[in-house]
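Shown next, in structure tokens, is the structure this report addresses.
Just so you know, these numbers use all the heavy atoms, side chains as well, and skip hydrogens, waters and symmetry mates.
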Amino acid sequence: MSWIKERIEEIRNIKSGKKELREYALTVGIIYLIILTVAVLWKHKEIGPHFFLAGVIFIVLGLLFPHVYKPFHKIWMGFGIIVGFFVSRFVLLILFYFVLTPMSLIARLLGKDILDQRIDKSKDSYWHERKEVLKNRESYENQY
């Protein structure tokens with residue numbers, strides 16, 4: 001249950017300054033205007049004016065009175081934190097069980113030792129000698 005306390009603390013620490021509220025209002029307003037554009041392109045002109053009005057109101061209110069959106073911003077960001085918690089774990093679960101596990105099983109069936117972990121009694125050392133390469137000054141600036 002500590003993850004619940006962590007999420008609640010994360011939600012409490014959501015930044016809700018003028019800058020964040022303006023960004024929220026502009027984002028939602030632009031999304032409404034994008035929906036308007038898609039609706040007009042798909043010949044659903046009857047909903048176009050509603051989304052245009054909503055988008056303009058969101059943008060204007062967000063620029064002039066951003067504090068109006070504080071409760072909506074908190075709810076939306078809190079929802080995002082909670083959904084993000086579950087989605088990240090779901091994606092990692094899918095990645096592990098449906099990508100990494102089959103790759104590992106195939107590598108084992110084929111006898112691959114990718115990390116070179118097999119013990120070889122005939123070896124004196126597992127140290128890999130590197131070739132010494134003479135480097136110039138430019139190579140230190142461009143390491144990758």
Stepwise side chain to side chain contact (heavy atoms under 4.5 Å, CB included) test for H73 and K70: CA-CA 5 Å; H73 178 257; K70 189 170 186 170; 5.7 Å; no
Those residues that, when tested against R12, pass salt bridge (charged side-chain N to carboxylate O under 4.0 Å, His left out) (two or more places apart): E9
With sequence neighbours excluded, residues passing ring-ring contact (aromatic ring centres under 6.0 Å, His included) with Y126: none
Pairing residues for Y69 by the ring-ring contact (aromatic ring centres under 6.0 Å, His included) criterion, not counting sequence neighbours: F58
Donor-acceptor pairs are to be reported for all side-chain atoms of residues 21-32 against protein atoms at under 3.5 Å, with residues two or more places apart or in another chain.
unit_1: R22; atom_1: NE; unit_2: L63; atom_2: O; d: 3.4
unit_1: T27; atom_1: OG1; unit_2: E23; atom_2: O; d: 2.7

Point-to-point distance, once rounded to the nearest 0.5 Å, from CD of E10 to CZ of F85: 10.0 Å
W76 and F79 aromatic ring geometry - parallel, tilted or perpendicular at 30°/60° bounds: tilted
Closest non-hydrogen atom pair between R118 and G111, with its separation: NH2-O, 2.9 Å
Cluster overlap I4 with F86, hydrophobic side-chain contacts below 4.5 Å: yes
Residues in salt bridge (charged side-chain N to carboxylate O under 4.0 Å, His left out) contact with E20, at least two apart in sequence or another chain: none
Transitive ILVMFWY cluster of V99, excluding itself - 4.5 Å side-chain cut-off: L95, M103
Hydrophobic cluster membership, L53 vs V56, 4.5 Å side-chain cutoff: yes
Linked hydrophobic residues, L109 as query - side chain contacts closer than 4.5 Å: none
Side chain to side chain contact (heavy atoms under 4.5 Å, CB included) between I11 and I14, intermediate numbers included: CA-CA 5 Å; I11 290 170; I14 293 172; 4.1 Å; yes
Partner set under side-chain hydrogen bond (donor to acceptor under 3.5 Å, both in side chains) for D113, not counting sequence neighbours: none
Pairing residues for F72 by the ring-ring contact (aromatic ring centres under 6.0 Å, His included) criterion, not counting sequence neighbours: none
Co-members of Y97 in a cluster of I, L, V, M, F, W and Y side chains, linked at under 4.5 Å: F90, L93, I94, F96, F98, L100
Under 4.5 Å side-chain linkage, directly or through intermediates, the cluster mates of I106: L110
Euclidean distance, I81 CD1 relative to I8 CD1, rounded to 0.5 Å: 11.5 Å
Test salt bridge (charged side-chain N to carboxylate O under 4.0 Å, His left out) applied to E129 - qualifying residues, sequence neighbours left out: none
